[in-house]
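For reference, positions follow the sequence shown, starting with 1. Not measured: the values here are computed from a predicted model.
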Amino acid sequence: MRIAVIGGGPGGLYFAYLWKKRHPEDQVDLFEQNPADATWGFGVVFSDQALEFLRADDPETVDAIAPHMESWENITLNLHGDSVAIDGVGFSSIGRLELLQFLQHRALDAGVTPRFDTQIHAIDQLNGHDLIVAADGLNSLVRRAYEGDFGTSLSYSSNKFVWYGTSKRFDTLSQTFVKTDRGAFNAHHYRYSPTMSTFLVECDHATWQAYGFAYKDAEQSKGVCEEVFADTLGGHCLVSNKSVWRNFPWVWNEHWSFKNMVLLGDALHSAHFSIGSGTRLAIEDAIALVKALESDAHLSTALHRYQAARKPVVQKLVNAARTSAFWYENFAQHMQLDLMDFAYSYITRSGRIDDPRLRAMSPAFMTRYEAEKNGGDAA
């Protein structure tokens, strides 16, 4: 079989590597419009649960990247100058470019033919390939060419966000909420290397307008964010990399394949950054697609099997992400709560965690929360 993979992000690279490793006789061509060393963003994060899922299918890859990851076992929330830790929420992170380079080497070693700096302008360029895997992100050429056939829907969250990095190291995955005289801001920040952290800034549309960000250039916007989060940054600067204000796009497709074309990752669906699952979903899509293709020699049947097996899992996670995003669209209102009520509202925001699960998952936090709610002191 001859396969074309469009998109050299984590999902496309991982599918190409995994298929070629397991089917060395097949031709796998990967097309990426950017150079091999180009990337936007800073760090990517995986929950412990996501890494265990990957380990079950590909322990070799997890064992190889684990030594290069930063890890922690709790989340820290900062509100009105006070903070609270929520224990038992394990995450690991790695630089996006470092992850891409690792997967590039994996794909090359397996025998994938990569074509960087190569943009596909029309599907006809890929005539002769038996399967086209569209892993080309939110602006997928394949999806846009056949939106009606894929049943594509697209909408946007109302909040504005901008992605930065910083040389300030943070001990855990942290969230800092700041109230100013013109509105409220939130920063999602976590370290992804010994010397760098991701620092994503978010605000509602009214705050964004009040600060006049629409009329500020990238450097001016960065300066405002550095001022708002001066205490959090502790003298460190923010670092830009295509750091522009955006609204989060919700992409969904009712049909995951059309003819010999199949979608995965952000080309197929998007999940809000507040649950940190974009890269995870893309890699899990790749695993599911490989399994489906191996389960049936008939391409059409295999692609339908991919959707049938994977779609309910993704739908559940995307629904949780939408609920989480709605909480963030109203985070300024939640900031009126006291610290512990705010933290409880935050950790239960997706609807997937009830009190019994929270007691088992985060016993130290729940001990403190319930003690304060009952008018006593936490042990």
Side-chain angles (χ1 to χ4, degrees), residues 1-40 44 54 57-58 60-62 64-65 68 94-146 256-268 279 281-300 302-303 306:
M1 184 160 62
R2 189 178 179 201
I3 300 175
V5 180
I6 311 177
L13 281 167
Y14 192 74
F15 172 84
Y17 150 71
L18 199 58
W19 187 265
K20 185 63 176 176
K21 178 187 176 186
R22 295 166 71 150
H23 303 274
E25 72 282 0
D26 288 352
Q27 174 69 31
V28 181
D29 302 309
L30 184 140
F31 302 88
E32 167 56 44
Q33 64 181 344
N34 293 310
D37 59 352
T39 188
W40 63 272
V44 295
L54 179 57
D57 282 278
D58 188 3
E60 182 183 347
T61 293
V62 176
I65 65 173
H68 304 279
I94 188 171
R96 180 177 171 82
L97 180 56
E98 187 174 6
L99 176 62
L100 290 177
Q101 290 174 335
F102 173 85
L103 293 175
Q104 287 169 10
H105 291 312
R106 268 286 205 266
L108 280 169
D109 289 344
V112 172
T113 304
R115 292 181 171 87
F116 294 101
D117 282 311
T118 303
Q119 187 164 6
I120 301 299
H121 298 281
I123 309 303
D124 291 347
Q125 291 176 244
L126 302 175
N127 286 344
H129 287 86
D130 302 296
L131 174 65
I132 298 171
V133 178
D136 47 345
L138 293 168
N139 296 313
S140 169
L141 166 72
V142 174
R143 189 196 67 236
R144 286 186 288 113
Y146 297 100
W256 290 23
S257 62
F258 175 63
K259 295 182 178 179
N260 67 331
M261 297 168 284
V262 62
L263 307 174
L264 67 76
D266 284 347
L268 174 60
T279 301
L281 282 174
I283 290 176
E284 290 179 0
D285 286 349
I287 293 171
L289 180 56
V290 167
K291 289 181 176 180
L293 291 169
E294 290 178 337
S295 71
D296 201 300
H298 193 278
L299 182 61
S300 178
L303 294 181
Y306 163 59

With the side chain counted from C-beta on, respond yes when [X] and [Y] share a heavy-atom pair under 4.5 Å apart, and no when they do not.
| X | Y | answer |
| --- | --- | --- |
| L281 | L264 | no |
| R2 | D29 | yes |
| V290 | D57 | no |
| L54 | I287 | yes |
| K21 | R106 | no |
| L263 | S257 | no |
| F15 | V28 | no |

For [Y], is there any backbone N or O sitting under 3.5 Å from a side-chain donor or acceptor partner on [X]?
| X | Y | result |
| --- | --- | --- |
| N260 | H129 | yes |
| D285 | G265 | yes |
| Q125 | A122 | yes |
| D130 | M1 | no |
| Q119 | H121 | no |
| R96 | G9 | no |
| R144 | N139 | yes |
| S295 | L293 | no |

Option among [options] that satisfies the side-chain contact (heavy atoms from CB on, under 4.5 Å) test with [X]:
| X | options | result |
| --- | --- | --- |
| W19 | L131, V112, D26 | D26 |
| I132 | I3, I123, V5 | I123 |
| Y17 | D58, L108, D109 | D58 |

